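Just below is one structure, and these are the notes that go with it.
Residue numbering restarts at 1 for every chain, and letters A, B, ... go by the order of the sequence lines. All of these numbers come straight from a predicted model, not from anything done at the bench.
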Amino acid sequence: MSKPGLPQGTRDFGPDTVRKRNFIFNTIRSIFELYGFQPLETPAMENLETLMGKYGEEGDKLIFKILNNGLNDPKNIEKAKAGFENVLAGRNDKSITERALKYDLTIPFARYVAMNHGQLTYPFKRYQIQPVWRADRPQRGRYREFYQCDADVVGSTALLNEVELLTIYSQVFQKLGIDVDIRINSRKVLSGLAEAIEETGRMMDITIAIDKVDKIGVDGVKEELRTRGLNDNKIDQLNGLIFFREENRNASNLSKFEFIKKSALYNKSATLQEGVKDIEYIITQCEASGINNIRIDLTIARGLNYYTGAIVEVTAKGVTMSSIGGGGRYDDLTGLFGVPNVPGVGISFGVDRIYDVMEELKLFPKDVQVGTRVLFFNLGSPESLAAYSCMQDLRKNNIACELFHENSKFDKQFKYAEKKNIPYVIIIGSKELAEKTAVIKDTRTGEQITLPIAQVGSFSFL
RNA sequence: GUGAUCAUAGCUCAGUUGGUUAGAGCAUCAGAUUGUGGUUCUGAGGGUCGUGGGUUCGAGCCCCAUUGGUCACCCCA
């Protein structure tokens, strides 16, 4: 038997980590609930065909496929061999695999909406907190199993939904203490730009290229556009807007809008105008309610295929970590599953990256580590029986406590309390037992008081 | 999927051009100290050097493969 291990890109979470993660989950969940979203859960696996083709070419490659059972059954072997040839040719084959681990929460949600659209009350607002899996090569901030926390609204085209979702972003990150940039763009703007330079078919090429401006700079983007088949004339037309980002990074949103509207391309595409107006509305509304960390950014693209309207991406300031949240509007996601005309918009929180950011910036409050509030010392048989009954009284009052498992030295029992970050110890020894008292000690301050045992239950362990 | 880099005690790491029984700090356990901890002192346990091959008289060190971590690309939460 060799040493046990974990599959690449997966992790165990110890007690401390789980508590910190729960702090994030609880924060997000409470805000989702506050805004009227309802919980939903879907299976870890979906039928492969539900997922395929929804995330772009790259996305399809990263879907974890599940091998069918019973391939070695004599009656399946011939079919499996033929199917495997198909797989080797780079295609999927139902005789080999027909299920896969879910890749995100949005597509399974769309599948759910399509299956239940008759029963749902629209607009349907749901939130979902579950793991997803991607067969990516792991690196910083990238895992093969990670949690997403999504909130989506389907059945409404109102931009008010976008405003509300952005408000949720703002509020959650404020509660977590993370200073963030929320960048917004619209697929309409991107496709409008492609339309304006008469390259409608190259919209993805254009967006992928300009999305890299942070990394490779303006000249790099131009080169990338060139290799993706745009001629210099068209690149120059886009150039103004690419430079727009570089040179006016910190300009106000208002001046950015003016800049875009002045652009020669603006009048060439109704889609572009529509996109700009959408964003203008969203930002104006957000700013009106005091949210001022949303910036228009023409270079965010978002890789997922299904977005059609506003798109948004959240990054943390002060750390080198890619986006910790993202989302956008999709006009017809359920159409892929046979139910047309159900528009939606949603956001996602990447809990694992949020965790990494909070760890790096030391943003977790100290008290998330407190589980047990009171440790009863074990000082012998009759003493521990008295302690046990006192402890049960506290537990009835909802105070988490435990009795040290054996009669060990004081030193050892104190160290246990210290390690587990337990704020109070209660000492009932032979002297206290005789006097029917207990010593309550605050391990943080070292202060201690002696109380009659009967009064311990009414002590406030803060 | 492509490329780079790393892997030595529970943790963080030393380990010289390949040379005898592989070290330190922290942690753990025991004792100095049998009712008030986090200090100090003394001692102890713990590693077939990620795994599998190879070169060599001899490998923690060199070579190949493999697994895992990290980083970049691709892409993304």
Side-chain angles (χ1 to χ4, degrees), chain A residues 1-11 14 24 28 55-63 90 102-106 129-150 169 204 207-209 211-212 215-216 220 224 300-305 307 311-316 320-328 346-357 375 377-380 383 404 407-422 425-434 439-448 450:
Chain A
M1 194 68 190
S2 56
K3 279 187 197 167
L6 284 173
Q8 192 180 36
T10 66
R11 301 148 298 156
I24 300 172
I28 295 171
Y55 308 110
E57 209 175 312
E58 286 300 316
D60 283 355
K61 289 184 197 162
L62 300 179
I63 294 172
K102 67 176 173 242
Y103 179 90
D104 74 350
L105 301 179
T106 310
I129 299 179
Q130 289 193 275
V132 300
W133 294 268
R134 295 184 188 178
D136 233 337
R137 183 171 290 198
Q139 56 181 268
R140 176 176 163 79
R142 175 187 287 178
Y143 306 99
R144 288 187 148 183
E145 176 183 62
F146 61 97
Y147 268 75
Q148 291 192 321
C149 303
D150 278 29
Y169 262 147
M204 281 314 290
T207 58
I208 288 170
D211 189 48
K212 294 182 187 169
K215 267 185 193 165
I216 60 180
E224 175 109 16
I300 71 164
R302 313 272 313 140
L304 302 179
N305 266 0
Y307 292 119
I311 47 183
V312 59
E313 213 162 272
V314 185
T315 48
T320 53
M321 173 71 76
S322 42
S323 63
I324 56 176
I347 57 171
S348 181
F349 290 85
V351 173
D352 302 79
R353 285 182 181 174
I354 291 172
Y355 178 94
D356 290 345
V357 166
L375 176 71
F377 274 24
N378 186 329
L379 299 169
E383 291 89 343
F404 198 79
N407 182 1
S408 304
K409 297 198 306 182
F410 260 59
D411 175 72
K412 201 165 176 182
Q413 305 200 35
F414 267 121
K415 278 184 175 165
Y416 181 80
E418 186 202 357
K419 275 215 164 139
K420 285 194 71 178
N421 222 348
I422 299 172
V425 300
I426 292 185
I427 301 165
I428 301 174
S430 52
K431 195 177 110 203
E432 287 80 7
L433 191 62
V439 173
I440 301 175
K441 177 161 179 164
D442 186 325
T443 59
R444 297 162 296 190
T445 62
E447 288 168 12
Q448 65 180 55
T450 305

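- Taking atom NZ of residue A/K412 and atom C1' of nucleotide B/rA27, one finds them 14 Å apart after rounding to whole Å.
- Going from atom CG of A/L62 over to atom P of B/rU2 covers 14 Å, rounded to whole Å.
- Here A/Q8 reaches the OP1 or OP2 of B/rG69: one of its side-chain N or O atoms lies under 4.0 Å away.
- Comparing the C1' positions of B/rA7 and B/rG50 gives an interatomic distance of 6 Å, to the nearest angstrom.
- Of the residues near RNA chain B, A/E418 and A/R142, the one whose nearest nucleotide (by heavy atom distance) lies more toward the 5' end is A/E418.
- The residue A/G141 sits close to a base: some heavy atom pair falls under 4.0 Å.
- Considering only the side chain of A/Q139, B/rC74 comes nearest among B/rG31, B/rC74, B/rA77.
- Salt-bridge check for A/E418 with A/K415: failed, with every basic side-chain N at 4.0 Å or more from each acidic carboxylate O.
- Between A/Y55 and A/Y103, the ring planes lie tilted relative to each other; the angle falls in the 30° to 60° range.
- The gap from the P atom of B/rU39 to that of B/rG1 amounts to 49 Å, rounded to the nearest Å.
- Distance CD1/A/I426 to NZ/A/K441: 13.5 Å, rounded to 0.5 Å.
- Regarding A/R140, its CZ atom lies at a distance of 13 Å from the P atom of B/rC73, rounded to whole Å.
- Taking the C1' atom of each, B/rA32 and B/rG69 are spaced 43 Å apart, rounded to whole Å.
- When heavy atoms are screened at a 4.0 angstrom cut-off, A/Y416 is found touching no nucleic acid atom at all.
- Here the C1' atom of nucleotide B/rU36 and the CG atom of A/D442 are 14 Å apart, to the nearest Å.
- Here A/I208 contributes atom CD1 and A/E224 contributes atom CD; the two are 8.0 Å apart, rounded to the nearest 0.5 Å.
- Contact check for A/E145 versus A/D352: no side-chain heavy atoms found under the 4.5 Å cut-off.
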For side-chain contact (heavy atoms from CB on, under 4.5 Å), just list the numbers for A/R140 and A/S322, CA-CA rounded to whole Å, side-chain angles, deciding distance to a tenth of an Å, and then say yes or no.
CA-CA 9 Å; A/R140 176 176 163 79; A/S322 42; over 6 Å; no
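- Rounded to whole Å, the C1' atom of B/rA59 lies 32 Å from the corresponding atom of B/rA72.
- Nucleic acid contact for A/S348: none, since no nucleic acid atom lies under 4.0 Å from a heavy atom of the residue.
- Separating the C1' atom of B/rG58 from that of B/rU17 is a span of 15 Å, rounded to the nearest Å.
- The NZ-C1' distance, from A/K212 to B/rA72, rounds to 13 Å in whole Å.
- In this structure, CD1 of A/I63 is placed 13 Å from C1' of B/rC75, rounded to the nearest angstrom.
- At a threshold of 4.0 angstrom between heavy atoms, the contacts of A/G9 are confined to the sugar-phosphate backbone, with no base atom among them.
- Rounding to the nearest 0.5 angstrom, the gap separating the OG1 atom in A/T10 from the CZ atom in A/F146 is 13.5 Å.
- For A/P138, counting side-chain heavy atoms from C-beta on, the closest listed nucleotide (B/rA72, B/rA77, B/rU70) is B/rU70.
- If you take CG of A/D352 and P of B/rA77, they are 13 Å apart, rounded to a whole angstrom.
- A/F146 qualifies as a stacking partner of the B/rA77 base, centre to centre under 5.5 Å and near-parallel within 30°.
- Going from the C1' atom of B/rU67 to that of B/rU28 covers 30 Å, rounded to whole Å.
- Between A/F349 and A/Y147, the distance separating the two ring centers is not shorter than 6.0 angstrom.
- For a distance-only test at 3.5 Å, the side chain of A/T443 fails to qualify as a donor-acceptor partner of the base of B/rG37.
- Nucleic acid contact for A/G429: base, since at least one base atom lies under 4.0 Å from a heavy atom of the residue.
- At a threshold of 4.0 angstrom between heavy atoms, the contacts of A/E313 with the nucleic acid are absent.
- A donor and an acceptor atom never sit less than 3.5 Å apart when one is taken from the side chain of A/R137 and the other from the base of B/rG69.
- Here the nucleotide nearest the side chain of A/V439, chosen from B/rC75, B/rA77, B/rU36, is B/rU36.
- Summarising the geometry, the separation between NZ on A/K61 and C1' on B/rU2 is reported as 11 Å, rounded to the nearest angstrom.
- Comparing the C1' positions of B/rU51 and B/rC6 gives an interatomic distance of 16 Å, to the nearest angstrom.
- Residue contacts for A/Q448: at a heavy-atom cut-off of 4.0 Å it reaches a base atom on one of the strands shown.
- A/Q413 has its side chain out of reach of A/V425: every pair of non-hydrogen atoms, C-beta onward, lies at least 4.5 Å apart.
- Taking OG from A/S408 and CG from A/L379, the interatomic distance works out to 10.0 Å, rounded to the nearest 0.5 Å.
- Phosphate proximity of B/rG38 to A/K441: absent, as no side-chain N or O sits under 4.0 Å from OP1 or OP2.
- A/I427 comes within contact range of at least one nucleobase, with a heavy-atom separation under 4.0 Å.
- Nucleotides B/rC71 and B/rU8, compared at atom C1', are 22 Å apart to the nearest Å.
- You'll find a donor-acceptor pair under 3.5 Å spanning the side chain of A/E432 and the base of B/rG35, going by distance alone.
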Under the rule of Watson-Crick or G-U wobble with both distances under 3.5 Å, where | means paired to another strand and [ ] a crossing pair, RNA chain B maps to (((((((..((((.....[...)))).(((((.......))))).....(((((..]....))))))))))))....
